[in-house]
Amino acid sequence: MMRAALCIWIVSAVICVGRGHHHLGHAEVKDQVDQDTALDGSADSVSQVSSANKEFAHRLYRKLAAHADTQGKNIFFSPVSVSVALAALSVGARGETHRQLFSGLGFNSSLLTQTDVDQAFHTLLERANNASKEDASEGTAVFVDSRFKPRPEFLETLKQSYFSDGFNVDFTKTADSVKAINEYVDEKTHGKIDKLVEDLDPSTVMYLISYIYYKGKWASPFDPNLTKEDMFMVDDKTKVPVQMMNMEKLVDTYYDQAINTSVLHLPFNSSYSMLLLLPDDMATLENAICPNHITKWLKWMKSRIYDIYVPKFSIKSSYTLNDVLTEMGVTDMFGDRADLSGISEGQKLAVSNVVHQATLDVDEAGATAAAATGIGITLLSFRHVPVLKFNQPFMVVITERSTENVLFMGKIINPTI
Ligand SMILES: *[C@@H]1O[C@H](CO)[C@@H](O)[C@H](O)[C@H]1NC(C)=O
Ligand SMILES: *[C@@H]1O[C@H](CO)[C@@H](O)[C@H](O)[C@H]1NC(C)=O
Ligand SMILES: *[C@@H]1O[C@H](CO)[C@@H](O)[C@H](O)[C@H]1NC(C)=O
Ligand SMILES: *[C@@H]1O[C@H](CO)[C@@H](O)[C@H](O)[C@H]1NC(C)=O
Ligand SMILES: *[C@@H]1O[C@H](CO)[C@@H](O)[C@H](O)[C@H]1NC(C)=O
């Protein structure tokens with residue numbers, strides 16, 4: 001297993017080049033605006049949502065990297081999959097729960113309503129699933145317990161804006177429900193994520209899924225004949241053998257002096273690219289990287305002939321995001337304070353957990369990446385037992401019920417004497 005001290009980002013060149021308003025010249029801004037307004041009048045919310053998604057990606061990365069469970073481990077996740085899943089959840093959130101989700105996702109509620117966000121995701125998902133790009137797919141699904149009746153308007157928004165597939169399941173049959181969810185994700189990720197859900201809380205009434213799959217061929221493939229075993233330096237003390245791919249070719253690179261990081265741009269035979277970032281010091285890069293870096297690198301990259309070496313590898317990661325989301329201020333949805341009354345009016349719901357898995361395979365021909373996010377929604381049981389403890393001075397009355405005569409009455413200050 002390779003422990004990569006190599007930070008890999010798959011970015012959509014379309015989104016990243018076009019959207020950083022602050023760095024674009026007038027002509028480019030105009031092109032971008034024309035493209036968006038040609039589609040519909042909500043260009044502004046689409047660009048606000050996609051720029052919030054980019055910021056969210058980096059904030060989530062930093063939280064994951066800082067987490068004790070990930071120390072010395074690979075990190076790989078799909079921020080877009082997490083954003084889509086949480087945005088779909090926010091359709092049914094109200095009050096403080098909704099405010100926290102919005103602010104956690106980076107949506108400014110004085111500029112964007114939930115409807116704006118829904119329409120923006122509609123546009124973004126439509127673009128991602130454009131039939132002319134067969135190598136990428138992205139979507140959502142909702143599994144609903146057969147006896148649970150969500151508000152029809154909640155399901156309708158999920159279907160219309162998030163292109164959700166809907167399924168009825170019997171969550172009391174836990175093993176069957178787990179199987180149904182896992183089979184769906186397995187199919188959508190072409191077998192890459194076959195066990196998103198390990199187990200389900202028995203009080204689950206709804207399960208929200210988002211998935212993403214991408215398979216790209218390098219615009220210039222590596223020659224398998226040049227792939228050789230080589231050492232990968234995990235840290236000062238640890239070396240591991242890897243299959244190192246090699247090519248000598250005209251490639252786009254950038255050296256970011258401010259953070260001592262070399263950037264290699266490997267385009268796929270599509271509008272997508274992989275950026276490989278090799279820092280002198282990983283912590284410096286991790287703490288600094290933000291959407292503007294990607295804008296800058298893609299813009300200022302220079303072509304020249306390099307002898308490049310990139311390991312061939314397959315990694316898989318799995319996270320429960322409850323802790324990091326809580327650290328990002330999304331707290332209420334997990335407990336008694338959850339307000340998911342937009343999903344169901346009468347019943348008190350809460351999120352039991354948010355799980356995420358991702359895979360990345362890189363070889364001579366290209367790369368395949370897949371991810372899925374699952375959000376379990378449970379019925380809060382009313383078994384919640386309130387506590388009433390007489391552990392301080394109290395009064396006592398002994399009465400006969402029909403006459404209400406007070407037989408005894410007193411005050412207990414200290415029950416021990
Ligand atoms: C939200 O947008 C308003 C209006 O542009 C701005 O004043 C405010 O600072 C923004 N809030 C955040 C958290 O960015
Ligand atoms: C789909 O892609 C084609 C070609 O790249 C483009 O002309 C079209 O506008 C795209 N459609 C959407 C909905 O983004
Ligand atoms: C992409 O792949 C197709 C088929 O494999 C090929 O015809 C085309 O030239 C490639 N395009 C680029 C930009 O490499
Ligand atoms: C790789 O090596 C094999 C056997 O030596 C040879 O037949 C083949 O043409 C080589 N492939 C390339 C792309 O050079
Ligand atoms: C980058 O490397 C140079 C030379 O080793 C060093 O002086 C500088 O402090 C480094 N900058 C950062 C941000 O680490």
Side-chain angles (χ1 to χ4, degrees), residues 4-9 15-16 19-24 29 32-33 36-37 41-63 65-66 71 75 79-80 82-83 86-87 89-91 93-121 123-124 233-236 253-264 275-297 299-302 306 324-333:
L6 182 72
C7 179
I8 294 155
W9 291 83
I15 292 175
C16 286
R19 302 291 172 164
H21 314 284
H22 315 296
H23 296 266
L24 293 180
V29 170
Q32 192 60 51
V33 169
D36 285 337
T37 44
S42 60
D44 207 39
S45 23
V46 173
S47 86
Q48 276 175 41
V49 166
S50 61
S51 101
N53 288 350
K54 282 184 264 176
E55 294 284 352
F56 175 76
H58 291 82
R59 274 187 294 130
L60 185 55
Y61 178 89
R62 265 195 279 285
K63 285 289 177 199
Q71 296 311 305
I75 294 179
V80 163
V82 180
S83 294
L86 292 176
L89 176 68
S90 75
V91 171
R94 298 289 181 268
E96 179 62 11
T97 304
H98 185 267
R99 200 198 57 74
Q100 290 177 357
L101 273 166
F102 245 50
S103 116
L105 286 166
F107 303 146
N108 184 333
S109 54
S110 52
L111 302 173
L112 288 168
T113 63
Q114 181 67 46
T115 308
D116 294 333
V117 168
D118 298 341
Q119 282 166 358
F121 275 105
T123 306
L124 294 171
M233 255 61 74
V234 175
D235 57 37
D236 294 346
T253 61
Y254 185 84
Y255 185 75
D256 198 324
Q257 235 149 11
I259 51 175
N260 288 346
T261 294
S262 301
V263 179
L264 170 65
L275 293 177
L276 294 111
L277 320 176
L278 187 66
D280 282 358
D281 174 45
M282 181 54 83
T284 306
L285 170 63
E286 282 182 321
N287 295 325
I289 189 172
C290 70
N292 291 344
H293 282 107
I294 292 172
T295 309
K296 177 172 83 175
W297 297 333
K299 183 166 181 184
W300 297 110
M301 218 107 56
K302 290 278 170 292
Y306 263 93
V324 288
L325 289 172
T326 300
E327 285 168 25
M328 291 167 91
V330 185
T331 53
D332 283 11
M333 69 180 194

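Since we're looking at a predicted model, the values are computed, not measured. When a ligand or atom number is given, it counts from 1 through the structure's own listing order.
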Using the rule side chain to side chain contact (heavy atoms under 4.5 Å, CB included), only one of Ile75, Val324, Leu105 pairs with Leu60; which is it?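 Per the side chain to side chain contact (heavy atoms under 4.5 Å, CB included) rule, the option paired with Leu60 is Val324, out of Ile75, Val324, Leu105.
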
With distance as the sole criterion, is a donor-acceptor pair present between the side chains of Thr331 and Gln100 under 3.5 Å?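 Checked: Thr331/Gln100 side chains pair up, N/O donor to acceptor below 3.5 Å.
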
Looking just at side-chain N and O atoms, do Asp116 and Thr113 make a donor-acceptor pair shorter than 3.5 Å?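 Yes - a donor-acceptor pair under 3.5 Å links their side chains.
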
Say you draw a straight line from CE of Met333 to OG1 of Thr326; how long is it, rounded to the nearest 0.5 Å?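 It comes to 7.5 Å.
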
Any side-chain heavy-atom pair from Val46 and Gln119 closer than 4.5 angstrom?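 No, their side chains stay 4.5 Å or more apart.
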
Name all residues meeting the salt bridge (Lys or Arg N to Asp or Glu O under 4.0 Å) criterion together with Glu55; count only those two or more places apart in sequence or in a different chain, and write none if there are none.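 If we apply the salt bridge (Lys or Arg N to Asp or Glu O under 4.0 Å) test to Glu55, skipping adjacent residues, there are no hits.
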
Could you list each N/O atom of ligand 5 together with any protein N/O atom closer than 3.5 Å, one pair per line with the distance?
| from | atom 1 | to | atom 2 | distance (Å) |
| --- | --- | --- | --- | --- |
| ligand 5 | 2 (O) | Asn260 | OD1 | 3.4 |
| ligand 5 | 2 (O) | Asn260 | ND2 | 2.3 |
| ligand 5 | 11 (N) | Asn260 | ND2 | 3.0 |

Answer yes when Arg99 and Asp332 have at least one side-chain N-carboxylate O distance shorter than 4.0 Å, and no when they do not.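 Looking at Arg99 and Asp332, the cut-off is not met.
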
Contacting atoms of ligand 1, where contact means under 4.0 angstrom from a heavy atom of Ser110: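 With Ser110 as reference, the close atoms of ligand 1 come out as 1 (C), 2 (O), 3 (C).
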
Suppose I only count heavy atoms of Asn108 and a 4.0 Å limit; which atoms of ligand 1 are within that range?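 Per the distance check, 1 (C), 2 (O), 3 (C), 8 (C), 10 (C), 11 (N), 12 (C), 14 (O).
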
